[in-house]
*Asks:* 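Sharing a structure, written as C-alpha cells. Questions coming.
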Amino acid sequence: MRMVRLLILLSILTIFSPAVSQAQTTPGTDLCFPDIPAITNCLDRAFAPYWQQNGGLPVFGYPISPVEQYQSNDINTTLTIQWTERHRLELHPQNPPAYQVLLGRMGAERLAQLGRNPTDGFVEAGPEVGCLWFAETRHNVCDQAPGLGFRSYWESNGLQIPGLNAYERSLALFGLPLTAAQPEPGPNGELRLTQWFERARFEWHPDNPDEFKVLLGLLGNEIRSQIAPQPESPSKPSVFGVEINRGRVAGIASQLEVLQPNWVRYNGVLWSEIEPQPGERNWEALATVEQELATISASGAETMLIIRGAPEWAQQVPDKVCGPIKAEALPAFAAFVGELVARYSQPPYNVKYWEFGNEPDVDPGLVGVNSAFGCWGDAKDPYYGGGRYAAMLAAVYPAIKAADPQAQVVLGGLLLDCDPAQPPRGKDCLPAKFLEGILQAGGGEHFDIAAYHAYMYWGDVELDWDVLFPPWSHRGGALLGKLDFVRSTLAAYGYVKPIVMNEGGLLCRNADPSCGPNGFYEDQANYVLRMYTRSIAQG
C-alpha cells in the first residue's frame with residue numbers, strides 16, 4: 001500500500017534554552033544565579049547580554065519568570081518576554097539588532113493598574129534651577145542632595161545603543177517623568193519621596209549609602225502579581241506540523257481535521273511556471289494551488305509557502321531551476337513576489353509565512369536539472385554562495401512588506417550537512433558557511449525567521465539516532481546541535497531571531513522495502529516522540 005509521508009514541522013524558537021546553573025554567562029548561553037537561593041529562573045540567552053550591558057542588577061533586578069508569551073495590547077501582538085524584578089524584557093526579532101530587545105512601559109502600566117492617570121495630577125509651572133525640565137510632561141527632575149538624587153541617577157544611566165547621545169540613552173531606559181517628585185506610601189506603607197517615569201519609579205532612600213540612595217521600584221514584581229492568569233484555550237494549537245507537497249492536499253484534508261496541525265509547510269510555488277517569459281505572468285497556473293491553500297487555511301493551520309524555481313531567462317546557472325537568480329533579474333523576481341504576496345495573504349488563503357527555496361545550501365553541480373531542493377550554493381566561494389542568496393533577500397524583502405506588513409520571510413530550510421568548526425574526517429563542511437555568507441553580505445536585515453532541517457537514515461541497530469548522529473553529536477545531535485549552530489552564527493553577527501526546524505525525521509535509505517519488516521516504522525515513531533519531547537522540554 002502506498003503511504004503518504006507527512007514530514008514533521010516543529011517550531012523551535014530562539015527563546016528556548018536549558019536552565020543550566022552557572023555563575024555567569026558567555027555569548028549564546030543563559031545567565032543563572034546559583035548563589036541566590038530564592039532565584040530559580042535564569043535569564044534567557046536572548047536577554048542576558050542586554051541585561052548585562054545596560055545596568056544589570058540595579059536597573060533590572062533578578063529574573064522572576066522563565067521566558068513567556070505575552071499579549072501586548074499596545075501593538076496588538078503576542079511577544080516573547082521575560083519578567084525581572086523591576087522590568088519586562090521584550091523580544092522584537094523583526095527590529096534592527098540594537099532594538100530587538102525592548103523594555104515595557106512599567107511606570108505607566110503600574111500607574112494604570114493603580115487607577116492613577118498622571119495627566120490628571122499636578123504639573124509644574126516651569127523649569128527649576130539645577131533641575132532637568134521636560135516640557136513634554138511639564139515636570140522637573142531634581143537632585144535631593146548635592147550631586148545625588150533623581151537627576152544624577154537619570155543622567156548617569158542609559159541604554160547602550162550606538163548612535164544615541166547620553167540624554168537619548170537615559171530617555172530610552174527611563175522615559176519621560178510622569179509625575180513630580182512627592183512623598184508617597186511605598187509597597188510596605190512607609191512614606192518615601194517618589195517620582196514616576198514611563199519605564200521606572202525612582203525612590204529616595206536618604207539613610208542608605210550614597211550609591212544606593214536612589215533605588216528603582218520593583219515594578220516587575222508588582223505588575224506581574226496583578227496580572228490575571230490567562231485561561232487555557234479549549235482549542236489550544238497543536239505543537240505538530242506537517243509538510244504537504246503540491247497536489248496532495250485533497251487526499252490528506254481529512255487527516256488535517258484529525259491532527260489539527262498548527263503549521264502546514266506547502267511545497268510550493270514555482271516562479272518558472274508563472275512567468276516563463278519576462279513580464280508575462282500566468283496566474284491561472286496556480287488554480288490547484290489556490291484550492292489547496294484555501295483548504296489548508298480552512299483547517300485552521302498556518303501555511304508556510306515555499307517559493308522557488310527560476311525561469312530559464314533568469315537563471316544565473318544555466319539549466320538549474322533551483323539555482324540562483326541573475327542580478328539583473330532580481331527586480332523582476334521582487335515584483336513577482338510582491339504580487340504573489342498581495343494575492344495570497346488575503347482570505348481565503350491567508351498566507352503569512354513565505355520561505356525562499358528548499359535547502360539552498362547545496363551546490364548546483366550536486367543536483368539534477370529540476371531538483372526540488374538546492375541549489376544556491378557555490379563550492380568555489382568561501383561562504384558557499386550565501387552572498388547571492390542575501391542579494392535576493394534584499395530585493396524581495398521590501399516588496400513583501402509593502403504587500404503585507406505582517407508577512408514573515410523565512411530562510412529556505414538549511415541542510416547543514418556538518419559543522420565547519422569540527423568537520424568529520426575527509427570533509428570541510430563548507431556548505432554550512434552559507435548562513436554566515438548571508439549574514440556577512442548584510443542579509444540578516446532581510447529575513448524574519450531562520451530555518452533548518454534535521455534528517456538521518458535508519459539502520460538495523462539500536463541507536464538514539466538524533467543524539468548520536470556523527471556530524472553533530474558533539475553539539476548534542478542533529479536537532480539541538482544544528483539549532484545551536486544556527487543560533488550562535490546569528491549571535492556572532494548581532495542577531496536574535498526565531499528559528500524553525502521545518503523538516504526532520506528518520507528516513508529509510510532509498511525507500512528499501514526491507515526497512516519495514518525490520519522495525520523501521522516502530523523506530524521512526526520512537527524518533528518522532530523523542531524529537532518533540534526534547535524540543536518541548538527546552539520550553
Side-chain angles (χ1 to χ4, degrees), residues 23-25 31 33 35-39 43 47-64 83-89 103-108 110-111 118 122 124 126-134 137 139-161 164-223:
Q24 58 185 9
T25 187
L31 175 60
F33 304 88
D35 298 328
I36 310 298
I39 303 302
L43 275 165
F47 299 117
Y50 183 94
W51 186 94
Q52 292 179 305
Q53 295 163 13
N54 291 293
L57 190 62
V59 170
F60 302 108
Y62 291 113
I64 59 173
W83 292 91
T84 66
E85 291 174 304
R86 296 182 173 91
H87 254 294
R88 183 180 64 244
L89 308 177
L103 299 174
R105 297 182 71 245
M106 308 301 282
R110 182 58 177 152
L111 286 173
F122 168 76
E124 299 167 72
E128 295 183 13
V129 176
C131 300
L132 281 178
W133 168 248
F134 294 83
T137 56
H139 288 299
N140 288 284
V141 177
C142 308
D143 275 343
Q144 282 64 54
L148 290 173
F150 294 165
R151 172 178 178 165
S152 294
Y153 193 91
W154 194 94
E155 292 182 315
S156 299
N157 294 277
L159 298 181
Q160 301 305 305
I161 298 177
L164 299 186
N165 60 35
Y167 176 89
E168 292 167 334
R169 292 192 194 104
S170 297
L171 190 65
L173 177 57
F174 299 123
L176 298 168
L178 299 179
T179 70
Q182 55 196 0
E184 293 186 14
N188 298 323
E190 72 279 15
L191 283 177
R192 60 174 66 132
L193 189 66
T194 301
Q195 188 163 18
W196 292 80
F197 294 78
E198 289 179 287
R199 298 183 183 89
R201 183 179 67 226
F202 286 18
E203 301 170 356
W204 177 245
H205 296 256
D207 296 332
N208 287 356
D210 285 354
E211 62 268 32
F212 301 115
K213 280 183 164 56
V214 177
L215 297 179
L216 301 181
L218 301 177
L219 296 178
N221 283 344
E222 296 169 27
I223 293 174

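Everything numeric in this text was worked out from a predicted model, so none of it was measured.
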*Asks:* Looking only at the aromatic ring of each residue, does the gap between the centers of Phe134 and His139 stay below 6.0 angstrom?
*Replies:* no
*Asks:* Could you pull out the closest heavy-atom pair between Phe33 and Pro63, with the gap in Å?
*Replies:* CE1-CD, 3.4 Å
*Asks:* Report yes if some heavy atom in the side chain of Tyr50 is under 4.5 Å from a heavy atom in the side chain of Leu43; otherwise report no.
*Replies:* no
*Asks:* Whether the side chain of Gln53 engages the backbone of Trp51 through a donor-acceptor N/O pair (distance < 3.5 Å, no angle test) should be reported.
*Replies:* no
*Asks:* As an exercise, state the distance from CZ of Arg110 to CZ of Arg105, rounded to the nearest 0.5 Å.
*Replies:* 15.5 Å
*Asks:* So do the side chains of Leu164 and Leu159 get within less than 4.5 Å of each other, counting heavy atoms only?
*Replies:* no
*Asks:* Taking all heavy atoms of Val141 and all of Arg151, pick out the closest pair and write down the distance.
*Replies:* O-CB, 3.5 Å
*Asks:* Quick check: do Phe202 and Pro177 have side-chain heavy atoms less than 4.5 Å from each other?
*Replies:* no
*Asks:* Does any N or O in the side chain of Gln195 come within less than 3.5 Å of the main-chain N or O of Thr179, such that one atom is a donor and the other an acceptor?
*Replies:* yes
*Asks:* Within the distance-only criterion (no hydrogens, no angle test), does the side chain of Asn140 pair as donor or acceptor with the backbone N or O of Cys131 below 3.5 angstrom?
*Replies:* no
*Asks:* Rounded to the nearest 0.5 Å, what's the gap from CH2 on Trp154 to CG on Leu173? Could you check?
*Replies:* 9.5 Å
*Asks:* Do Trp204 side-chain atoms and Asp143 backbone N/O form a donor-acceptor pair below 3.5 Å?
*Replies:* no
*Asks:* Do the rings of Phe174 and Phe197 sit parallel, tilted or perpendicular, given the 30° and 60° boundaries?
*Replies:* tilted
*Asks:* Could you tell me the separation between the CG atom of Leu216 and the CG atom of Asn157, rounded to the nearest 0.5 Å?
*Replies:* 7.5 Å
*Asks:* Hey, is the main chain of Ile64 close enough, under 3.5 Å, to the side chain of Glu85 for a donor-acceptor pair?
*Replies:* no
*Asks:* Given 3.5 Å as the limit, does a donor-acceptor pair link the side chain of Glu184 with the main chain of Thr194, or not?
*Replies:* no
*Asks:* Keeping the roles fixed (side chain from His87, backbone from Arg199), state whether a donor-acceptor pair exists under 3.5 Å.
*Replies:* yes
*Asks:* Under 4.5 Å between any side-chain heavy atoms of Arg169 and Ile161, yes or no?
*Replies:* no
*Asks:* Is the backbone of Gly158 close enough, under 3.5 Å, to the side chain of Gln160 for a donor and an acceptor to pair up by distance?
*Replies:* yes
*Asks:* Would you give the length of the straight line joining atom CG of Leu103 to atom OG1 of Thr84, rounded to the nearest 0.5 angstrom?
*Replies:* 8.5 Å
*Asks:* Are the side chains of Leu219 and Arg86 in touch, meaning some heavy atoms are under 4.5 Å apart?
*Replies:* no
*Asks:* Kindly compute the distance separating NE2 (His205) from CG (Leu193), expressed to the nearest 0.5 Å.
*Replies:* 10.0 Å
*Asks:* Report the distance from atom CG of Leu215 to atom OH of Tyr153, rounding to the nearest 0.5 Å.
*Replies:* 7.5 Å
*Asks:* What are the two closest non-hydrogen atoms of Gly220 and Trp83, and how far apart are they?
*Replies:* O-CE3, 3.8 Å
*Asks:* Which heavy-atom pair separates Ser152 from Gly147 by the least distance, and what is that distance?
*Replies:* OG-O, 3.4 Å
